[in-house]
**Q** 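Sharing a structure here in structure tokens format.
The model shown is predicted, which means the values in this text are computed figures rather than measured ones.
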Amino acid sequence: DIGPANALSDTATEILTKGKKTFDKEGALAAKYQPDIEYAKKLTKIFLPKNKENSLDRNTFSIDFLNKYFPNLKEKDISTLNYFTALLISQTLKKFVLSKYKVDTLAVSGGGIFNKTLIENLQNLTQLDIINTIQLGIEPMAKEALAMAYFAWQTINKNPLKLANGKQTILGEIILP
């Protein structure tokens, strides 16, 4: 998890439509306007993770974020929020993944795969082929469940996993009744 995904545009859309819409369907609102790229870059400098152990998620990008950085929220700001999301993801990928590994394709999951504007921005910023996890046979909204099943399988089979700090450990414990 390296970015706000749809959290910012979802919250902004809900605020701007007074709850009539809860998300920017297919990124249509974001596509109507030009993003403020310089402001998105400024925000990215503030929020780019310092190390790979930092996780940015919906808790970081809440209504408090919008109140602080977009105090006079307008519909056109959804475009900047969308671009900021893609920029933050692309910069995090460049810092922690693309600087170390050759990558041609990025598999995207979660609700962001349905936001055409976000995917287009992400593709333009990363210059990677973007696919969604459906193409890999993985339900895009089930990645956390699959991860937990994988961790459980590894624990049951006593296979240690390498943590971000380099330590190898068996995660969790199985307690039978």
Side-chain angles (χ1 to χ4, degrees), residues 1-11 24 27 30 35-62 65 68-69 79-173:
D1 239 346
I2 58 172
N6 285 324
L8 289 170
S9 64
D10 288 354
T11 303
D24 179 14
D36 183 339
I37 292 173
E38 290 308 311
Y39 192 56
K41 287 179 180 178
K42 179 181 172 184
L43 291 173
T44 301
K45 285 181 183 177
I46 296 168
F47 288 94
L48 186 66
K50 306 293 184 253
N51 58 59
K52 62 186 176 187
E53 284 81 28
N54 290 8
S55 178
L56 301 174
D57 59 19
R58 192 172 280 276
N59 294 324
T60 305
F61 301 107
S62 65
F65 174 96
K68 182 173 182 177
Y69 296 103
S79 181
T80 301
L81 291 167
N82 186 293
Y83 187 84
F84 162 67
T85 298
L87 184 61
L88 184 61
I89 293 168
S90 71
Q91 291 298 314
T92 304
L93 280 170
K94 287 175 184 174
K95 183 174 181 176
F96 298 114
V97 178
L98 302 177
S99 63
K100 297 175 182 150
Y101 306 99
K102 182 178 179 346
V103 176
D104 298 318
T105 305
L106 177 65
V108 180
S109 65
I113 69 165
F114 304 110
N115 187 318
K116 292 178 184 177
T117 306
L118 178 60
I119 297 301
E120 183 178 303
N121 282 331
L122 193 55
Q123 199 283 321
N124 289 336
L125 289 164
T126 63
Q127 295 299 300
L128 295 172
D129 291 326
I130 307 279
I131 63 170
N132 67 57
T133 57
I134 293 170
Q135 293 167 274
L136 301 173
I138 300 170
E139 168 57 42
M141 304 306 280
K143 66 181 174 189
E144 285 86 3
L146 286 173
M148 293 305 114
Y150 173 76
F151 296 148
W153 177 257
Q154 295 302 323
T155 299
I156 288 167
N157 290 286
K158 298 184 179 12
N159 295 327
L161 294 171
K162 185 176 179 182
L163 302 178
N165 65 8
K167 181 180 174 187
Q168 294 231 1
T169 189
I170 293 176
L171 300 178
E173 182 177 351

**Q** Only pairs under 3.5 Å count here: list side-chain donor-acceptor contacts from residues 101-113, not counting sequence neighbours, and write none if there are none.
**A**
{"residue": "Lys102", "atom": "NZ", "partner": "Asp104", "partner atom": "OD1", "Å": "2.9"}
{"residue": "Ser109", "atom": "OG", "partner": "Lys143", "partner atom": "NZ", "Å": "3.4"}

**Q** Applying side chain to side chain contact (heavy atoms under 4.5 Å, CB included), name anything that partners Lys41, two or more places apart in sequence or on another chain.
**A** Ile37, Glu38, Leu87
**Q** Does Asn132 offer a backbone N or O that forms a donor-acceptor pair with the side chain of Gln135 under 3.5 Å?
**A** yes
**Q** If you look only at pairs with a residue in residues 123-133, which of them pass as a salt bridge (charged side-chain N to carboxylate O under 4.0 Å, His left out), with sequence neighbours excluded?
**A** none
**Q** Rounded to the nearest 0.5 Å, how far apart are CG of Leu81 and OG1 of Thr117?
**A**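 Atom-to-atom, Leu81:CG and Thr117:OG1 are 12.5 Å apart.
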**Q** Mind checking side chain to side chain donor-acceptor pair (under 3.5 Å) for Asn115 and listing every partner two or more places apart, or none if nothing turns up?
**A** Asn6, Asn82
**Q** Not counting sequence neighbours, which residues clear side chain to side chain contact (heavy atoms under 4.5 Å, CB included) with Gln127? List them please.
**A** none
**Q** Provide the closest heavy-atom pair for Ser79 versus Pro35 in the form atom of the first, atom of the second, distance.
**A** OG-N, 3.1 Å
**Q** Which residues pass the side chain to side chain contact (heavy atoms under 4.5 Å, CB included) test with Gln168, sequence neighbours left out?
**A** Pro160, Lys162
**Q** Once salt bridge (charged side-chain N to carboxylate O under 4.0 Å, His left out) is applied, what residue pairs with a partner in residues 106-127 remain, sequence neighbours excluded?
**A** Glu26-Lys116
**Q** By ring-ring contact (aromatic ring centres under 6.0 Å, His included), which residues pair with Tyr83, not counting sequence neighbours?
**A** none
**Q** Would you compute the distance between atom CD1 of Ile46 and atom CG of Leu88 and round it to the nearest 0.5 angstrom?
**A** 11.0 Å
**Q** Check side chain to side chain contact (heavy atoms under 4.5 Å, CB included) between Gln123 and all other residues, then give those that pass, not counting sequence neighbours.
**A**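 Side chain to side chain contact (heavy atoms under 4.5 Å, CB included) check on Gln123 returns Ile130.
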**Q** Please confirm whether the ring centroid of Tyr69 lies under 6.0 Å from the ring centroid of Phe47.
**A** yes
**Q** Tell me the side-chain hydrogen bond (donor to acceptor under 3.5 Å, both in side chains) pairs involving residues 147-161, sequence neighbours left out?
**A** Gln154-Asn159
**Q** Tell me, please, which residues at least two apart from Lys94 pass salt bridge (Lys or Arg N to Asp or Glu O under 4.0 Å).
**A**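 For Lys94 there are no salt bridge (Lys or Arg N to Asp or Glu O under 4.0 Å) partners, ignoring immediate neighbours.
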**Q** Rounded to the nearest 0.5 Å, what separates atom OG1 in Thr85 from atom CG in Leu125?
**A** 11.0 Å
**Q** Check step by step if side chain to side chain contact (heavy atoms under 4.5 Å, CB included) holds for Phe84 and Asn121.
**A** CA-CA 9 Å; Phe84 162 67; Asn121 282 331; over 6 Å; no
**Q** According to ring-ring contact (aromatic ring centres under 6.0 Å, His included), who are the partners of Phe114, at least two apart in sequence or on a separate chain?
**A**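 Expected list: none.
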**Q** How long is the straight-line distance from CG of Leu48 back to CD1 of Ile89, given to the nearest 0.5 Å?
**A**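 The CD1 atom of Ile89 sits 12.0 Å away from the CG atom of Leu48.
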**Q** Ignoring hydrogens and angles, tell me if any N or O in the side chain of Thr126 forms a donor-acceptor pair with the backbone of Leu128 under 3.5 Å.
**A**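 Answer holds: yes.
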